[in-house]
Amino acid sequence: MAKLQRGEGEGGDLEKLRKGIAESYDESTGAWEELFGEYIHRGFYDTPSAAPGAAPLTAQDHRRAQLRMIDEALAFAGVSDPEKKPKKILDVGCGIGGDTLCLAKKYGAQCIGINLSPVQVKRAQELAQAEGLADKVSFEVADALNQPFPDGQFDLVWSLESGEHMPDKEKFFSEMARVAAPGATIILVTWCHRDLSPDEESLRPDEMKLLNKISDAHLLPAWCSAADYASFAKSLKLEDIRRADWSENVAPFWSAAVQSGMTWRGIISLLKSGWKTIKTALAVSLLIEGYNKKVIKYNIITCRKPK
Ligand code: SAH
């Protein structure tokens, strides 16, 4: 069984953690939407070696990259094949429903998004209404670790940048597998800690120290590696388990985040949101340090439930 690397931050008290995450997104969602639109995730870019000497990126490029992230994840999992069109999709940790709406439009599928923040759920419902998708898409406040759905419901189970917040990674993954229908695809895109080498039992103390600081600042209570997720998938008898490290592909997003936070519009929307949001924004430098030191990785893990 894979070993979790726990941050000390909020890990002990689950109810306090859930409340903290809900309040943090309740407070910050307006600012994130103003700064980054309806997607609360990084963009996918060509790596510097694939696009040498490329022109500086514009705000539009960053937005395109956020949409591209969705397409790249679907393609990686082999869902872009029209023959395999999912009909019922679950978006776990759905934010304000940017991905949920995108997937509903792409596949004409029935979609449900869950997350912990009532403010985000309300905003997601408004966006669905505005896009004329209210009959296709619904949102509810629910815990990914204890989902309110019977087994075997969804033929695509999707989670983009919400896994980081889960205090029990194995339970999180097994809930995604439980609600997946036979033959369903599971797509998880998430920050992990680096894979351990065969002779390591845990990360180095300096790496753990940095992770703990990040955990406290960003409400990320536990960490595991992409290899850990792959072994959860294996022990759940899931098939076609694939994973990749996309850290290089998301790297340009850091400068976009810092740039939009540093504009007057960015500063004003952060100030309007409140202290928790400002604290999280200031702590982005810790995440960047984690990436630069290669302790944190941006990973995709996909698999399929047997038919
Ligand atoms: N996937 C979205 C939002 C990412 S932000 C997007 O790409 O735009 C992280 C989301 O995870 C937030 O909506 C937060 O409420 C949700 N989240 C965190 N912990 C959760 C939990 N235990 N159960 C359900 N959602 C959770």
Side-chain angles (χ1 to χ4, degrees), residues 9-11 13-44 62-63 65-74 89-104 111-125 127-128 137 139-149 156-176 178-179 186-191 215 218-223 246 250 253 257 276-277 280-281 284 287 298 300:
E10 304 274 334
D13 183 344
L14 287 187
E15 200 37 57
K16 191 172 148 215
L17 174 73
R18 273 194 288 269
K19 196 163 169 275
I21 291 172
E23 284 174 1
S24 152
Y25 281 103
D26 280 354
E27 188 190 86
S28 62
T29 285
W32 299 148
E33 188 178 355
E34 192 159 332
L35 293 176
F36 299 112
E38 68 272 40
Y39 304 110
I40 312 179
H41 62 245
R42 262 128 276 263
F44 185 102
H62 291 301
R63 192 173 158 72
Q66 284 183 299
L67 262 171
R68 181 174 167 193
M69 174 62 76
I70 298 174
D71 289 334
E72 294 283 346
L74 292 167
I89 299 175
L90 175 66
D91 185 356
V92 181
C94 65
I96 58 172
D99 303 355
T100 333
L101 296 176
C102 175
L103 294 169
C111 298
I112 302 182
I114 58 169
N115 82 52
L116 291 179
S117 153
V119 170
Q120 285 189 326
V121 164
K122 183 165 172 283
R123 183 67 188 132
Q125 284 161 342
L127 291 174
V137 176
F139 298 95
E140 55 191 279
V141 174
D143 188 355
L145 266 62
N146 191 11
Q147 294 184 20
F149 309 115
L156 173 61
V157 181
W158 171 272
S159 168
L160 190 32
E161 292 195 34
S162 70
E164 306 76 37
H165 289 298
M166 306 301 165
D168 182 338
K169 307 301 189 201
E170 197 170 2
K171 172 83 172 129
F172 161 59
F173 202 75
S174 69
E175 271 296 86
M176 297 222 296
R178 181 183 69 75
V179 298
I186 298 171
I187 300 182
L188 171 61
V189 178
T190 185
W191 311 347
S215 300
H218 292 279
L219 294 162
L220 312 179
W223 291 83
W246 282 356
V250 298
F253 197 77
K276 277 197 202 118
T277 309
T280 309
V284 161
L287 281 173
Y298 193 90
I300 178 163

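These numbers come from a predicted model, not from an experiment. Position 1 is the first residue of the sequence, and the numbers go up from there. Every number for a ligand or one of its atoms is a count from 1 in the order of the listing.
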>> Please compare Gly37, Gly93, Gly113 and report which has the shortest non-hydrogen distance to atom 3 (C) of ligand 1.
In response: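 Result: the heavy atom closest to atom 3 (C) of ligand 1 is in Gly93.
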
> Looking only at heavy atoms, what is the nearest atom pair of Leu116 and Asp143, with distance?
Replying inline: CD2-CA, 4.0 Å

Should you measure from each heavy atom of [X], which atoms of ligand 1 turn up under 4.0 Å away?
X	result
Cys94	2 (C), 3 (C)
Tyr39	8 (O)
Asp99	1 (N), 6 (C), 7 (O)
Glu161	4 (C), 5 (S), 9 (C)
Asp143	21 (C), 22 (N), 23 (N)
Ala142	23 (N), 24 (C)
His41	6 (C), 7 (O), 8 (O)

Closest protein heavy atom to [atom], given as residue, atom name and distance to 0.1 Å:
atom	result
atom 5 (S) of ligand 1	Tyr25 OH, 3.5 Å
atom 25 (N) of ligand 1	Asn115 CA, 3.4 Å
atom 26 (C) of ligand 1	Leu116 CG, 3.8 Å
atom 23 (N) of ligand 1	Ala144 N, 2.8 Å
atom 8 (O) of ligand 1	Ile40 N, 2.7 Å

When only distance counts, is [X] in polar contact with ligand 1, meaning an N/O pair under 3.5 Å?
X	answer
Gly95	yes
Gln120	yes
Ile114	no
Ser162	no
Val92	no
Leu145	no
Leu160	yes

Side chains of [X] and [Y], heavy atoms from C-beta outward: is any pair under 4.5 Å?
X	Y	answer
Gln120	Trp32	no
Ser159	Thr190	no
Glu38	Leu101	no

Measure the [atom1]-[atom2] distance between [X] and [Y] for me, rounded to the nearest 0.5 Å.
X	Y	atom1	atom2	result
His218	Trp191	NE2	CH2	6.5 Å
Cys111	Leu103	SG	CG	6.0 Å
Ile40	Thr29	CD1	OG1	5.0 Å
Glu161	Arg42	CD	CZ	4.0 Å

>> Which residue is it: Leu145, Leu17, Ile21? I am looking for the one with a side chain to side chain contact (heavy atoms under 4.5 Å, CB included) to Met166.
In response: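 Considering Leu145, Leu17, Ile21, a side chain to side chain contact (heavy atoms under 4.5 Å, CB included) with Met166 is found only for Leu145.
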
> Is it true that Lys19 and Glu15 make a salt bridge, defined as a side-chain N closer than 4.0 Å to a carboxylate O?
Replying inline: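 No, no charged N to carboxylate O under 4.0 Å.
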
>> Tell me which pairs pass side-chain hydrogen bond (donor to acceptor under 3.5 Å, both in side chains) where either residue lies in residues 92-101, with sequence neighbours left out.
In response: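 Output for this query lists His41-Asp99, Asp91-Thr100, Asp99-Trp158.
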
> Is a side-chain donor or acceptor of Glu164 paired with a backbone partner of Leu220 at a separation under 3.5 angstrom?
Replying inline: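 No, Glu164 side chain to Leu220 backbone: no donor-acceptor pair under 3.5 Å.
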
